[in-house]
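Scroll down for the structure; my scribbles are underneath it.
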Amino acid sequence: MVEEEKLEVPQKYFDLLPESIKYAESNNILLQIKNSLLWLFYLYDLPKEERDRIIQELLRIDYQARLNLYPGLDPVGVFLYFQTGYENIISSIRRILKRLDQYKITHPGLIATSLYSAWVQPYTINENEYKLLVEIVRNPRGSFREWSKNTKLSLAGVKYAFDRLKKKMFLRIYSMVNFNAIKLKHYLIHISRIHNDRLRNLIKDAFLKNLWCRSVSWFASDPSSLFISLTIPSHTRCIKTVLDNMKVFRDFGEVNIYEINERFSSYNLTAYDPRTGWNFSSNTWIMFSFSETLESCLDYLKQINFVHRLTYTNLPGFRLSKGDLYIIAGLARDYRLKITMLSEITGYSLSTISKKKRELVEKKILYPVTFIANIGLSSSLALLWEKSSEDLEYLIYASAELPYVVGYKMKKIYPTTSGDYLLLFIWLPGKVSWDFIQNFSELGKEIGLKEVFYEYMGPSSFTIDRFIHRWDEDRCVWRWSRDDFKFI
């Protein structure tokens, strides 16, 4: 366990911060940003061996909560995910901080948005890099050797191109987690029509402090709504406790809760030209996807579009140790995390780590997928559908024609139990999202579209390491208490 004195950053790094962040205490977002920046600069200055040792120690604890870091700026993640690109990120952050100080910017939201732009940088990729990118998106769990065989690039060429993609596009491979397999339920809570900003911030902060919370997000188009991702123990009494305690939020707004039973992800790189960028037309997508009958298109869409899908399933009798859960948490962050680091964290041998990693993927507890941070998809929106299961199946494959989609199949469980739902988070180039909304909103309502949101906001997700200490290895259950779910 990391000692408390080792969680302190030397005083000299405070001098690198602008005045608006340096003395932040009353605003928790600014305080979290300050902590993230201090740890980023501290880790950057360390020799690689010392940095890796400290990161290994931090990965053994819920470091984001212990250090009170801003979830959208994870200093540990910068060095884990972008080993060949972190120099560019840190240089950009230094330039951004100078501008913030120069223009005396103090608003927490503007500061957070400005820092996010560190991940948006100009680049060009060559034909070999593009060829490898397409292969990685299709087969993210592949090895260098597999990628070499499928792309007809040399093994050395693949390794070089992979490092270049990580540096230029901040490419990383993470893992979706089958929460049911590790005895968790995954809920999406949508609280809408919240009466005022004070209540919204109260609810947001209350959930972000809860160790079972994965994320809290919202959209600029509907600032009176919050989307909360929650993973809770799949014990019947725990589920009842959570649903009962949700009733308090009915005094603040309208509450709907969905149980997620599948997650999926897709990129459509056929609409991306490495020389000129994205060539995507929302009108073309709408005309193609909704001008034909479902029966005539679904089989065709399945043939041409590859969607990475993970169904949440139970695995009765499968036993997990805390070490296994640390492997899951590590690979959820970065599927290509060095097994030497996982070995240091868990105490398992390298051969055991390799065996367990392979087993977790084969049993579909983990499903590797790709994320490309710097590929020009700056516009975001979300679509919530209610349709039959068959219609939702069509929408999943039709949405794979869009540049980048992360989706969830769900059942509504509160306040009433009702039909099948699909939530699509969509990222589009430039101003395309506004054209998409204008052209699609009315048509969508005729085919089951319930709501449209645009301009996604909110930090990234927490991982399960927030509550691994609650795992009872002997009984293979999560320990929980009623106090865990007294949200307000």
Side-chain angles (χ1 to χ4, degrees), residues 1-2 4 7 28-29 31-33 35-36 39 54-78 80-81 174-189 203-217 226-235 238-239 241-242 245 260 263 312 320-334 337 341-342 345-346 360 365-366 458-473 476-488:
M1 190 64 68
V2 183
E4 288 297 329
L7 296 179
N28 193 48
I29 291 178
L31 181 59
Q32 288 179 330
I33 289 173
N35 294 338
S36 289
W39 273 89
I54 289 178
I55 287 175
Q56 287 169 10
E57 290 291 317
L58 291 174
L59 289 174
R60 290 191 176 101
I61 64 173
D62 177 13
Y63 69 88
Q64 286 191 318
R66 287 275 295 277
L67 305 180
N68 193 26
L69 302 176
Y70 185 65
L73 180 57
D74 177 3
V76 173
V78 168
L80 277 181
Y81 314 146
Y174 70 98
S175 300
M176 300 188 290
V177 179
N178 174 3
F179 291 111
N180 286 23
I182 59 173
K183 299 192 175 181
L184 294 168
K185 291 285 188 182
H186 189 187
Y187 290 157
L188 180 76
I189 303 162
I203 296 168
K204 173 173 67 71
D205 292 343
F207 275 103
L208 283 173
K209 291 175 184 175
N210 189 284
L211 83 165
W212 304 104
C213 178
R214 280 181 51 76
S215 66
V216 180
S217 56
L226 290 172
F227 289 91
I228 298 141
S229 176
L230 201 66
T231 46
I232 68 166
S234 56
H235 191 285
C238 180
I239 295 169
T241 298
V242 170
N245 288 353
I260 296 170
R263 183 179 174 184
Y312 290 178
L320 291 165
S321 67
K322 285 183 180 177
D324 297 335
L325 292 170
Y326 277 113
I327 294 174
I328 292 170
L331 298 178
R333 286 192 178 93
D334 183 0
L337 187 64
M341 186 169 287
L342 289 173
I345 293 168
T346 62
L360 290 169
I365 297 173
L366 293 176
S460 55
S461 297
F462 294 105
T463 64
I464 64 169
D465 56 8
R466 295 189 88 186
F467 48 80
I468 288 177
H469 64 283
R470 293 289 193 90
W471 181 249
D472 186 323
E473 290 183 315
C476 278
V477 295
W478 295 101
R479 297 191 304 273
W480 64 279
S481 72
R482 292 183 180 275
D483 287 342
D484 289 348
F485 303 108
K486 291 179 180 177
F487 300 108
I488 298 292

Taking only residues two or more places apart in sequence, or in another chain, which ones meet D74 in a salt bridge (charged side-chain N to carboxylate O under 4.0 Å, His left out)?
-> none
Who pairs with D62 by salt bridge (charged side-chain N to carboxylate O under 4.0 Å, His left out), at least two apart in sequence or on another chain?
-> R466
Test side chain to side chain donor-acceptor pair (under 3.5 Å) applied to [X] - qualifying residues, sequence neighbours left out:
{"X": "R470", "answer": "D484"}
{"X": "S461", "answer": "none"}
{"X": "K486", "answer": "D483"}
{"X": "S215", "answer": "none"}

Are the side chain of Y326 and the backbone N or O of R60 linked by a donor-acceptor pair below 3.5 Å?
-> yes
Could you tell me which residues satisfy side chain to side chain contact (heavy atoms under 4.5 Å, CB included) with [X], sequence neighbours excluded, listed by chain and number?
{"X": "H469", "result": "L211"}
{"X": "A181", "result": "N178, L315, I365"}
{"X": "D205", "result": "none"}
{"X": "K209", "result": "none"}

Side chains of T231 and R214: do they bring a donor and an acceptor to under 3.5 Å?
->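 Short answer, no.
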Set of ring-ring contact (aromatic ring centres under 6.0 Å, His included) partners for F467, sequence neighbours left out = W212, W478
Residue list, ring-ring contact (aromatic ring centres under 6.0 Å, His included) with Y312, at least two apart or on another chain |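 By the ring-ring contact (aromatic ring centres under 6.0 Å, His included) rule, Y312 matches F179, H186.
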Heavy-atom side-chain contact between L230 and I189 under 4.5 Å = yes
